[in-house]
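Order of the sequence lines fixes the chain letters, A, B, ..., with proteins taken first and strands second; residue numbering starts at 1 for each chain.
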Amino acid sequence: MAPDTESDRSGGLNFLEQIVERDLKSGTVSQVVTRFPPEPNGYPHIGHAKAICINFGISHDFEGRCHLRFDDTNPETEDMEYVHAMERDVRWLGFEWGEYQFHASDYFEQLYEHARTLIRAGKAYVDSQTDTEIRENRGTVTEAGRNSPFRERSVEENLDLFRRMREGEFPDGAHVLRGKIDMASPNMLLRDPVFYRIKHAEHYRTGNDWPIYPLYDFAHPLSDAIEGITHSLCSLEFEVHRPLYDWLVDALYNEPRPHQYEFARLNLDYTIMSKRKLLRLVQGDHVSGWDDPRMPTLSGMRRRGIPPEAIRRFCDLIGVAKADNRVDISLLEYAIRDELNHRAPRVMAVLDPLKVTITDWPEDKIEWNDASHWPHDVPKEGTRPVPFGRHLYIDRDDFALEPPPKFHRLAPGREVRLRYGYVIRCDEVITDESGNVVELRCSHDPETRSGGSSTRRVKGTIHWVEASHAHEVEVRLYDRLFKTPDPEDVPEGSDFLDNLNPESLVVTRGFLEHAVSDFTPGDRFQFERQGYFVVDDGSTAENPVFNRTVTLRDTWAKLSADTPVKASKPKPSRDRSSQVQAGPPRPTLSPEQEKVAEELTAEFGVDPNDSAVLASDEWLLGLFRDAAADVEASTAANWVLHEVQRVRNASRKEVVLQAPALVSIIELVDSGAISSRTGKELLGEVALSGADPSALVEERGLRQIDDSDQLAAIVQQVVSENAGKAEAYRGGKTGLMGFFMGQVMRHTGGKANPEMVRSLLEDALG
RNA sequence: UGCCCUAUAGCUCAAUUGGCAGAGCGCCUGACUCUGGAUCAGGAGGUUCCAGGUUCGAAUCCUGGUAGGGCAACCA
């Protein structure tokens, strides 16, 4: 990706980039290696584009590399056609993987060996239950599963069976290889997941070499490990797979090994992403193919005329987060227009022609005017000659027999400017028997020739083409494929196909100005006032075809009454009233714990809610009791409940904190020897290392600074370094106090006495 | 009803890891007057899901709750 797109990001790094940067800085990895792992069973779409941009983008930004790996472990759905589509579309998006193209099927032999290693370690076994038995014994989300009767087979028997599975001795479904993990795990995926199944099927790459195929949960983590992937970035639905990912890789590899991180997949308004549903659109002839310009596939978007740069920009704009989201389609359209604005030369075309005769212009006279291909804001040169003559076409929309208010285009007796031509007046309207307008007869003002010195101004300017020089062209006006923002959200019994927009394609024949004479597929133009158009792949010189990529931003449409109001977006209701609740914030306790809680309150005077939390956790309770023997009970409770809990939640490591160390920190803080901030930092460290706090304080010089002269000097320095902000503070922006506090704290490494700093700052800032 | 994840402007996301709540899109207003839709400038818009707590200071930490999403394929 072009490095300068980084500057488009409003903030700093997204959470994935932060993780990568952290690992690079800490030296955990020396070079970032990501991967984009599609299954070749469908055409890549805009949702893939997000994953592609993230994986290739991060590897590019951090000077690593990104592998293109086909996760082809299911022979029944995969095909070379899809591999080629993927390769072509990733390149089209602008990314290059060089020599790092792989297939999971390349690793079948290694994966097989890995499986044998697991068997030998007693971590996998051959299960001979039927698939229904396996399913039934897995249990439910609330009930534990049951161990397979084959779970305790000997290593030798497992090895033998597995070898014979590989030799093709058994029919499909006779056996599977499963990991031996935990049938009672609350995470269903850890209930002895299936690693290999027997499938006598021809694989598009390995042919009939293998009668057994690994499953995603086995093949994916190990493929990552084999390739030395450092950061395995995938979408949120794989979050629950991560423990299994870690279990497998830990069982077979040492650090540094790959780690999986998940981000939210893309949902786009008026679009579906499901590969199965896209396939139904194609097979049901609802669209012309995978590359139908209405499809969200990259091939469809390419044919629609959307430049890859716009898609990358869009992916940049939507960001990377962990919350499910649905992106407004107008953001994509914005990215497209923003890109096409400086790339598509302007020309004029009339899509719904209405004849105009300039009655005071000689029949044979053609006058040529220079017209710029670019508007003022695009710093490009280039003009083309535009002919003006007696016979013209304008768009039917630009004329109204009875103009509504604010209609500044042509109407009987009214004037309008023909862009790069003259101001004309509509003198006469010719209608047919049924009252349809078939021709306008107009006169022109010769003083108003384009580029001339006339200062006459009329309200409207419209596009037009001269009839005798115009090219007749076919124009396909594409609109969103679905009528509803979330087409997949359908009531029971109906189908996403019911939401198809019947007007998603309107084909017209129109006239294009003379200067465009070369119709090379992929060439893009802006038809002035109408939108961006691209020459279709199937276009020929005899029958030129244009696809509308996107309309121009349309504020007029909103003014016109008959435009349907955009469906309001369904949003999970955030009814605050339902969230108001009166109950105290306390955990539910067993009767014994309730008793303990009551005693705590009675004995130590601890807040009842706090007592409840202490009573619910034995370790916390013990720590509190021991600490409360030496320091004031309420203080001890606060430290245990807030700070110790924080450290415990944040750390995956065992907390080794003992009461004496905690007491020591509390006393240091209470006596004023260290700031409370330092105390908290110290606790975080001591809780994991078991070191002596007071020794650390002396060793590192962490004693609180409460020398007012010293602090005053620092305060003065900070204030003078930030004179502008000090001014703003005095001007009433008191929120800046936090900024100044933070600055002083930074200068002192968090050692300053905050109350003292605050009062000094208040003095200094007046 | 178990486990996991998420919640900041209408939408998508930031917030230097506890220190000024911001950006883009959308919306409104204005400018330009040969693109009425482009472009440019300005503006409005906040209970940071709720309640309580810790802290000099909380979007950020603690406790509880609410809402949304994911997970029970020999798919990926």
Within the structure shown, what part of the strands sits under 4.0 Å from A:T130 by heavy-atom distance: base, sugar-phosphate, or nothing? base
Would you say a side-chain N or O of A:Y216 is under 4.0 Å from OP1 or OP2 of B:C75? no
Check whether any side-chain nitrogen or oxygen of A:R138 sits under 4.0 Å from OP1 or OP2 of B:C74, and answer yes or no. yes
When you compare B:A41 with B:G24, how far apart are their P atoms, in angstrom units rounded to a whole number? 10 Å
Just the rounded figure in Å: distance from P of B:C13 to CD of A:E17. 14 Å
Over all strands shown, is A:G735 touching base, sugar-phosphate only, or nothing at heavy-atom distances under 4.0 angstrom? sugar-phosphate
Residue A:R457, side-chain heavy atoms: nucleotide from B:C56, B:C74, B:U33 that is nearest: B:U33
Strictly by Watson-Crick or wobble contacts shorter than 3.5 Å, is anything paired with B:C3, and which nucleotide is it? B:G70
Which word best sums up how the rings of A:H444 and A:F388 line up, parallel for under 30°, tilted for 30 to 60°, or perpendicular for over 60°? tilted
Separation of B:A76 P from A:R265 CZ (nearest whole Å): 15 Å
I want to verify a distance call: between B:U35, B:C74, B:C56, whose nearest atom is closest to the A:R529 side chain? B:U35
Per A:P754 side chain, nearest of listed nucleotides B:C56, B:U63, B:C34: B:C56
Return the pairing partner of B:U29 with a 3.5 Å limit on both distances, Watson-Crick or G-U wobble; otherwise return none. B:A41
If I pick the P atom on B:G37 and the same atom on B:C32, what distance separates them, to the nearest angstrom? 13 Å
If only side-chain N and O atoms of A:T73 are considered, is one of them under 4.0 Å from the OP1 or OP2 phosphate oxygen of B:A76? yes
So if I take every side-chain heavy atom of A:E643 and compare against B:G37, B:C34, B:U54, which nucleotide ends up nearest? B:U54
Using a heavy-atom cut-off of 4.0 Å across all strands, would you classify A:N341 as base, sugar-phosphate, or nothing? sugar-phosphate
Closest of B:U35, B:U55, B:G2 to the A:K680 side chain is B:U55
Ring centroid separation A:H241 to A:Y245 under 6.0 Å: no
Below 4.0 Å: OP1/OP2 of B:U33 and any side-chain N or O of A:R417: no
Testing B:C56, B:C75, B:U35 for proximity to the side chain of A:R419, the answer is B:U35
Rounded distance (Å) that lies between atom P of B:A76 and atom NE2 of A:H220: 11 Å
Given the P atoms of B:C4 and B:C62, what is the spacing between them in whole Å? 15 Å
Would you say A:T77 and A:E39 are linked by a side-chain donor-acceptor pair, where the criterion is simply a distance under 3.5 Å? yes
Whether A:N325 contacts B:C13 is assessed here as follows: a side-chain N or O lying under 4.0 Å from the phosphate OP1 or OP2. Is that the case? yes
Select base, sugar-phosphate, or nothing to describe what A:N187 touches, counting heavy atoms under 4.0 Å on all strands. nothing
Looking at B:C75, I'd like to know if its phosphate oxygens (OP1 or OP2) sit under 4.0 Å from a side-chain N or O belonging to A:R276. no
Whether the A:S232 and A:D224 side chains hold a donor-acceptor pair (N or O, under 3.5 Å, no angle test) is what I'd like checked. yes
Between CG of A:D324 and C1' of B:U6 the distance, given in whole Å, is 7 Å
Starting the side chain at C-beta, find the nucleotide from B:A76, B:C34, B:C71 nearest to A:V141. B:C71
Mind checking who B:C13 pairs with, Watson-Crick or G-U wobble, both distances under 3.5 Å? B:G22
With respect to the side chain of A:Y334, which nucleotide from B:G24, B:U63, B:U35 is positioned closest? B:G24
B:C62 phosphate, OP1 or OP2: any side-chain N/O from A:N649 under 4.0 angstrom? yes
Under 4.0 Å, heavy atoms only, any strand: does A:E528 hit a base, just the sugar-phosphate, or nothing? base
Nearest-Å distance once atom P is located in both B:G64 and B:G69: 24 Å
Mind checking if A:Y213 touches a base, just sugar-phosphate, or nothing, with heavy atoms under 4.0 Å? nothing
Of the listed nucleotides B:G19, B:C20, B:G2, the one nearest the side chain of A:K725: B:C20
Donor on one side chain, acceptor on other, A:S330 and A:D328, under 3.5 Å: yes
Using a 4.0 Å heavy-atom cut-off across all strands, classify A:G451 as base, sugar-phosphate, or nothing. base
Please report the distance separating the P of B:A14 from the corresponding atom of B:C49, rounded so that it comes out in whole Å. 14 Å
Could you work out the separation of B:C25 and B:U17 based on their P atoms and round it to a whole Å? 29 Å
Rounded to whole Å, the CG-P distance (A:L189 to B:C74) equals 11 Å
C1' atoms of B:C74 and B:C61, separation to the nearest Å: 45 Å
For B:C61, take OP1 and OP2 only and decide whether either is under 4.0 Å from a side-chain N or O of A:Q645. no
Ring centroid separation A:F162 to A:F195 under 6.0 Å: no
Could you work out which one of B:C5, B:U55, B:C13 sits closest to the side chain of A:E239? B:C5
OP1 or OP2 of B:A15 less than 4.0 angstrom from a side-chain nitrogen or oxygen of A:Q18, does that happen here? yes
What contact category does A:L641 fall into here, base, sugar-phosphate, or nothing, at under 4.0 angstrom with non-hydrogen atoms? sugar-phosphate
Need one value for A:V176: base, sugar-phosphate or nothing, where a base atom within 4.0 Å counts as base even if backbone is also close, heavy atoms only. base
Return yes if a side-chain donor-acceptor contact under 3.5 Å exists between A:S372 and A:R346, otherwise no. no
For A:Y196, report the nucleic acid contact type (base, sugar-phosphate, nothing); a contact means any heavy atom under 4.0 Å. nothing
Under 3.5 Å, is there a donor-acceptor pair between the A:Q129 and A:N137 side chains? yes
